Amino acid sequence: MRRARRPRVPVLARVAALLVGTALVAACSRGAPAPEIAVFAWSEYVPSEVIDGFTAATGIRVNLETFASNEEMLAKLLSGATRYDVVQPSDYTVEALAREGRLQPIDASRIPNLGNVSPDFLHLPFDPGQRWTIPWMGGAVGIVVDSTKVDPGSIRSFADVFTEAHRGRIVVVDDPREIVSWALATEGLPINDVDEASLAKVEPVLRRWIPLVRVFDSDSPKRALLDGDVDLGVVWSGEGALLLDEDPRFRWILPAGGSHRFVDSLAIPVGARNPEGAHRFLDWVLRPEVSARISAAYPYTNPNLAARRLLSPRALANPASYPPGEAKLEFFRDVGTGAVLVDQLVARIKAGG
Amino acid sequence: MSGAGAASRGSREPGPPGRVARLLLAPLVAWAIAFAVLPTAMLVACSFGRRGTLGGVEPGFSLAAWGRLLDPTVRVVLGRSVAWAGLATIACLVLAVPAAWTIARSAPRRRAWLLAAVVVPFWTSFLVRAYAWVTILKGEGLLNGALLAAGLVSAPIEMLYTPGAVLLGLVHTFLPFAILPVYATAEALDPALVEAASDLGAGPVRTFREVVLPLLGPGIAAAALLVFVPALGLYALNDVLGGGRVDMIGNLVADQFTGAARDWPFGAALSVALLLAFAVAWRLAGRGGSLAASLER
């Protein structure tokens, strides 16, 4: 069956001409660009009210893009497709970026609110001179237990989590470096010495642990706990704090043998279009009332002492956000090619090989 | 068709493309070069590079990434991915063929509604649909709630974060891809052939098996390909519904770029190898298909 031929080409040509025409008009009518900064941050970490408030106060529009891992951020930053003004790397990624000359120094004189930050969060190993970053939020990795299913008193260390009794009832963050560091700590090995020898030592431990896990989830490990799909887990402290806040049946435990501490920071990459705007954004998020808003939405450990004064006593009493006493917490350092070995080992065990 | 007869009727042989034809083709060719040929070439080049410290690739030549393809992990993960994608394809076809046939044979008005029912859910983001399954399947979810309330089970059944949940998600995601091509061939199928088969004494089952199914062949083949290829590469469902416990080949590739390893050359080598495997399979299937067709004649 044949259909009558319609004059297809002229129609298409007309549409194309129209499209090109409008694009040209749009391009020509654009005047001086409004001041703008491109911010590249973790998903679920920057409340929209913080962004809107900044634009209202300064007239600088914020173009917010999000990522789900430090490595995703690195990939996009290095591709150069977008010139970001502010990025939000974690500690060990700051270290790698600074070493490779990818960050520009921060002018502390333009960030008066830096004075609000606790000394505990300044001059840390990944930025000893406080040249490259300002802290956004800190946190740790710890254990959450559903006390209606598991006796919290029975869990003191990572090794207590990964037992046969908890098979199929465990959630952990989906990050090979994390679970390997827990195994290293359990074996009494330093968590930042990652090479073939140290990995060989923890391989038997990981072979026991990994098959016990029901869910690997870095984005929202609290969900499996809230939904009743698992009874305990090893999660970020901010997720733990939200769980404790939501339901008193959850308990937060920092492993006695020590755990991993992290600080997510803000930095200005080399090649930023608007470093001036970036500095103003950095100062904005360190304002006490702004920083307190961030804490309210994402209850990690706020490095901002002036902001902490604005938090509710209930929020400050949350042991996942503000652990009482001295905990043995250590930063991850950049381990270079050790990261490939870690990834290979965990993928092999997960594949059952 | 006889060549002499066609020539004598003066039918036009496809000659070299004219200027207009080339002009019309230009955007397509440019698109293919910009978004298929060049990226693939970059991927191949990347697979022979050296891992950059921050990710990316450093200049230099290395076969290390290709060597790692021999790693048993790759074989196990690839084998499992093929098996799961294959299961999803079979499940989709088993559901799609009767559905497509029924839609094609229904009255036009009804057919439009049925087609909309196939296509409209597809407009929702696939991740939203995946999370909808989480709500249904989770420990304290809708399905467990209903089963408990009905007294059919005494404790929640573990449904979420199982291989079955991933398979369910795959079938749900790709079913429209299977129904539509089969529907297209079913709609074009001459109903007189079916009537002829029944007139000659074939029952409905035999008619379907010996007349309808072979005629739907091209649609079924297209459907199988449209389901299998994307199902093999999909990894998000595995994280959302499978609990990220079992890696699929897509997870392995993605981890090299957005995971802690930052090993772009290995990720690129995996992708290129997968692409080559598809190309070879496609060639072999094409040969097999044409061979079967020539044998039938």
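Within every chain, numbering begins at 1; the chains are lettered A, B, ... in the order of the sequence lines, protein sequences first and strands thereafter. Predicted model, so just to flag it, every value in this text is computed and none were measured. These values consider heavy atoms only, across backbone and side chains, with no hydrogens, waters or symmetry-generated copies.
Here the side chains of B:Q256 and A:D343 are in contact, with some heavy-atom distance below 4.5 Å.
The structure places CD of A:E100 at 4.5 Å from CG of B:L54, a figure rounded to the nearest 0.5 Å. A:F216 CZ to B:N251 CG: the interatomic distance, rounded to the nearest 0.5 Å, is 11.5 Å. The CD atom of A:Q344 sits 6.0 Å away from atom CG of B:D71, with the distance rounded to the nearest 0.5 Å. Rounding to the nearest 0.5 angstrom, the gap separating the NZ atom in A:K350 from the CG atom in B:L252 is 10.0 Å. A distance of 5.0 Å separates OH in B:Y131 from CZ in A:R223, rounded to the nearest 0.5 Å. Expressed to the nearest 0.5 Å, how far CG of A:L226 lies from NZ of B:K138 amounts to 8.5 Å.
Minimum interatomic distance between B:R51 and A:A339 (heavy atoms only, all atoms of both residues): NH2-CB, 4.3 Å. In terms of heavy atoms, A:A351 sits closest to B:T73 at CB-CG2, 3.9 Å.
Both the backbone and the side chain of B:Y161 come within contact range of chain A, with heavy atoms under 4.5 Å apart. Using a 4.5 Å cut-off between heavy atoms, B:E158 touches chain A through backbone and side chain atoms alike. Both the backbone and the side chain of A:T337 come within contact range of chain B, each with at least one heavy atom under 4.5 Å from a heavy atom of that chain. For chain B, the nearby part of A:D334 is the side chain; its heavy atoms alone come within less than 4.5 Å. Both the backbone and the side chain of A:V340 have a heavy atom closer than 4.5 Å to some heavy atom of chain B. Both the backbone and the side chain of A:A224 come within less than 4.5 Å of a heavy atom in chain B. For B:V74, no part lies near chain A; criterion is any non-hydrogen pair under 4.5 Å. Heavy-atom distances place no part of B:N144 under 4.5 Å from chain A, backbone and side chain included.
When A:L77, A:D227, A:L97, A:D174 are compared by the number of non-hydrogen pairs under 4.5 Å with chain B, A:D227 comes out ahead. Residue with the most contacts toward chain A among B:V77, B:T53, B:T135: B:T53 (heavy-atom pairs, distance under 4.5 Å).
Without hydrogens or angle criteria, A:S69 side chain to B:T258 main chain gives a donor-acceptor distance under 3.5 Å.
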Side chain to side chain contact (heavy atoms under 4.5 Å, CB included) between A:V215 and B:R245: does it pass, once the steps are laid out? CA-CA 6 Å; A:V215 184; B:R245 217 167 3 158; over 6 Å; no
Evaluate the salt bridge (Lys or Arg N to Asp or Glu O under 4.0 Å) criterion for residues A:E72 and B:R262: first the C-alpha distance (whole Å), next the side-chain angles of each, then the deciding distance (0.1 Å), finally the verdict. CA-CA 9 Å; A:E72 184 187 341; B:R262 304 200 290 247; over 6 Å; no
Under the side chain to side chain contact (heavy atoms under 4.5 Å, CB included) rule, what do B:D239 and A:D217 come out as? Steps first, then yes or no, please. CA-CA 7 Å; B:D239 285 344; A:D217 184 358; over 6 Å; no
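No more than 12 heavy-atom neighbours from other residues, nucleotides or ligands sit within 6.0 angstrom of OH on B:Y235.
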